[in-house]
Amino acid sequence: MNVHDSERMAGLLETAGMVAVEEAGPARIVDANGDAVPDVVVFNTCAVRENADNKLYGNLGMLAHIKETNPGMQIAVGGCLAQKDRDTIQKRAPWVDVVFGTHNVGALPVLLERARHNADAQMEILESLEVFPSTLPTKRDSVYSGWVSISVGCNNTCTFCIVPSLRGKERDRRPGEILAEIQALVDDGVIEITLLGQNVNSYGVEFGDKLAFGKLLRACGQIKGLERLRFTSPHPAAFTDDVIDAMAATPNVMPQLHMPLQSGSDKVLRDMRRSYRSAKFLGILDKVRQQIPNASFSTDIIVGFPGETEEDFQATLDVVEKSRFATAFTYQYSKRPGTPAADLPDQLPKEVVQERFLRLTALQDRICAEENALQIGTKVEVMVTAASGRKAAETNRLSGRARDQRLVHFSVPEGAPAPRPGDLVTVTITDSAAFHLVADPDLADYQLRPSRAGDAWDLAQADSCGVPAAPGTSDGARPAVSLGMPTLPVRSA
């Protein structure tokens with residue numbers, strides 16, 4: 001969801017005449033170290049965990065000296081942390097030019113121009129959504145896959161979560177708007193769509209249709225050219241049988257489900273106000289496996305929630321063992337001011353949380369390795385991605401995602417045509433590790449299916465060969481912008 005928000009911000013800035021630093025070409029002004037200095041740096045922030053605060057203020061501190069030597073540069077901070085901290089950002093980092101919240105992303109270009117014109121910092125934080133983000137321009141990271149928001153906000157009251165207070169109550173888009181956006185993306189060459197929502201399967205609550213999400217999945221199945229459909233993240237309490245039926249009956253819905261567990265202890269789930277229990281969670285996985293036998297599952301788990309006992313933690317280990325997750329995103333509980341959990345008694349010592357965290361990750365790593373080993377010898381269809389593994393140069397392998405979302409590194413047999421990002425290859429898995437699969441097929445065991453997404457990749461590469469100059473700039477280049485957390489040079493004092 002944060003990546004998708006960043007795509008919206010990038011689209012707004014591009015529409016305002018800016019261009020990403022990496023696309024600005026060699027004409028960009030550089031500092032004494034030869035590093036590109038952007039005209040605008042935008043931080044899109046999260047507030048779910050404490051380390052987001054630390055990363056933001058650390059990066060802002062690194063930028064202070066750079067801005068001092070490049071006074072025309074502007075810095076903007078948006079997203080959930082901006083919504084939460086408001087005045088704090090400008091107090092701790094007075095060199096920040098613009099602070100904007102989660103409800104007014106569309107105001108970013110105007111705020112930047114106002115700050116430049118007035119030579120004064122601008123802050124605008126709205127308490128409710130101004131414009132639904134999906135109506136804003138977008139600069140997508142990928143030509144072959146795309147994100148589509150079906151709702152924003154959350155109606156739940158999980159005691160550990162700060163999101164509802166920063167994103168507001170759930171707002172649902174009308175089905176026709178969603179399907180029209182998906183169709184437009186498919187017409188541009190996209191073959192994979194991920195539907196986004198804070199609780200994606202509660203979609204329809206705003207207009208009173210409890211079956212709306214299952215209907216939406218089935219409707220997406222009718223879109224010609226959409227080969228892969230995913231969604232994240234559903235809430236177990238709202239996960240109904242009609243959604244499972246829709247997943248099984250809709251061929252382009254991928255056999256993969258991300259289902260946040262958070263804890264396997266019913267007591268901790270109650271303290272978290274998660275409104276489901278471990279038996280219901282496991283029951284959902286069983287029902288999905290009955291209808292989609294090859295489905296893979298991923299999850300989120302919090303370790304060290306206030307009051308979690310060793311018995312509670314063991315219950316989490318037991319559920320993880322039974323669930324056989326292909327992937328798990330594990331977190332140590334992070335105390336967030338303003339959430340009910342922050343005031344609960346029995347906050348656990350750091351060393352206890354760390355020890356439990358290591359036990360959980362060791363268990364899940366073992367399960368990942370075991371589940372991946374079961375894939376050896378199976379044929380999988382892989383959608384090739386632009387990114388390759390860190391050892392790609394020495395292994396000469398490309399990378400992609402299987403239908404069940406597993407990462408696959410594969411080689412192209414000698415004499416076989418090489419795929420483009422967005423193309424689909426079918427290969428047999430020959431080896432595995434905890435976090436990826438390997439396929440080194442021979443020529444007879446390698447099938448390439450070129451796709452419209454691959455064609456779109458070729459077109460995008462041709463379009464990016466040069467950046468046209470904009471009038472009114474001294475070096476013939478448009479103002480350059482860096483979005484998110486930049487990589488900055490470390491300067492000695």
Side-chain angles (χ1 to χ4, degrees), residues 1-2 45-56 58 80-81 156 158-163 232-236 257-274 276-278 281-282 285 296-373 390 405-407 433-436 485:
M1 296 177 74
N2 288 326
T45 63
C46 179
V48 170
R49 294 176 53 75
E50 184 179 9
N51 65 352
D53 301 51
N54 300 332
K55 286 183 178 180
L56 172 66
C80 284
L81 200 58
N156 290 319
C158 301
T159 56
F160 57 82
C161 187
I162 199 171
V163 168
T232 193
S233 293
H235 194 294
L257 178 64
H258 182 78
M259 181 74 76
L261 170 63
Q262 307 302 7
S263 175
S265 162
D266 290 348
K267 170 188 171 295
V268 173
L269 290 172
R270 191 178 303 112
D271 291 342
M272 289 179 169
R273 292 187 197 157
R274 287 293 286 174
Y276 60 88
R277 301 297 174 255
S278 58
F281 183 93
L282 290 168
L285 302 193
S296 70
F297 300 90
S298 56
T299 196
D300 300 326
I301 302 173
I302 297 173
V303 177
F305 188 80
E308 179 189 76
T309 64
E310 178 61 29
E311 181 180 8
D312 293 325
F313 178 66
Q314 185 58 52
T316 295
L317 297 180
D318 293 342
V319 173
V320 169
E321 188 72 71
K322 294 174 183 176
S323 298
R324 310 300 294 178
F325 297 116
T327 306
F329 301 93
T330 53
Y331 307 92
Q332 297 185 33
Y333 169 73
S334 183
K335 185 176 181 179
R336 308 308 288 135
T339 62
D343 298 323
L344 289 176
D346 300 324
Q347 302 280 333
L348 300 186
K350 171 67 175 176
E351 58 271 18
V352 172
V353 179
Q354 175 69 13
E355 189 272 336
R356 290 178 183 173
F357 177 79
L358 292 176
R359 274 194 282 158
L360 173 61
T361 54
L363 170 63
Q364 183 55 46
D365 288 353
R366 172 178 64 78
I367 292 172
C368 287
E370 291 172 352
E371 291 299 303
N372 278 354
R390 56 187 176 86
Q405 194 66 339
R406 284 183 166 92
L407 175 63
F435 306 114
H436 66 267
M485 292 294 189

Ser296: side-chain contact (heavy atoms from CB on, under 4.5 Å) partners, not counting sequence neighbours: Gln256, Ala326, Asp404, Arg406
Heavy-atom pair with the smallest gap, counting every atom of Phe435 and Asp365: CZ-OD1, 3.3 Å
Any residue meeting side-chain contact (heavy atoms from CB on, under 4.5 Å) with Glu370, in chain and number order, not counting sequence neighbours: Arg324, Arg366
Partners meeting side-chain contact (heavy atoms from CB on, under 4.5 Å) with Thr316 (sequence neighbours left out): Ser263, Ile301, Val320
Any donor-acceptor pair under 3.5 Å from Asn372 side chain to Ala434 backbone: yes
Test ring pair (Phe, Tyr, Trp, His ring centres under 6.0 Å) applied to Phe357 - qualifying residues, sequence neighbours left out: none
Residues forming a side-chain contact (heavy atoms from CB on, under 4.5 Å) with Met259, sequence neighbours excluded: Pro234, Pro236, Phe239, Leu257, Phe281, Ile284
Euclidean distance, Cys161 SG relative to Gln262 CD, rounded to 0.5 Å: 8.5 Å
Set of ring pair (Phe, Tyr, Trp, His ring centres under 6.0 Å) partners for Phe305, sequence neighbours left out: Tyr333
Residues forming a salt bridge (charged side-chain N to carboxylate O under 4.0 Å, His left out) with Glu355, sequence neighbours excluded: Arg359
Contacts of Phe329 that satisfy ring pair (Phe, Tyr, Trp, His ring centres under 6.0 Å) - sequence neighbours left out: His258
NZ/NE/NH1/NH2 to OD/OE distance under 4.0 Å, Glu308 and Arg356: yes
Heavy-atom donor-acceptor pair, Gln314 side chain to Ser265 backbone, under 3.5 Å: no
Under the salt bridge (charged side-chain N to carboxylate O under 4.0 Å, His left out) test, residues paired with Arg277 that sit two or more places apart: none
All pairs passing salt bridge (charged side-chain N to carboxylate O under 4.0 Å, His left out) where residues 328-349 contributes a residue, at least two apart: Asp53-Arg336
Smallest separation among heavy atoms of Ile302 and Met272, with atom names: CB-CE, 4.2 Å
Results of salt bridge (charged side-chain N to carboxylate O under 4.0 Å, His left out) for Arg273 - residues two or more places apart only: none
Contacts of type salt bridge (charged side-chain N to carboxylate O under 4.0 Å, His left out), residue Arg274, not counting sequence neighbours: none
Contact summary for Ala47 and Ile162, nearest pair of heavy atoms: O-CG2, 3.5 Å
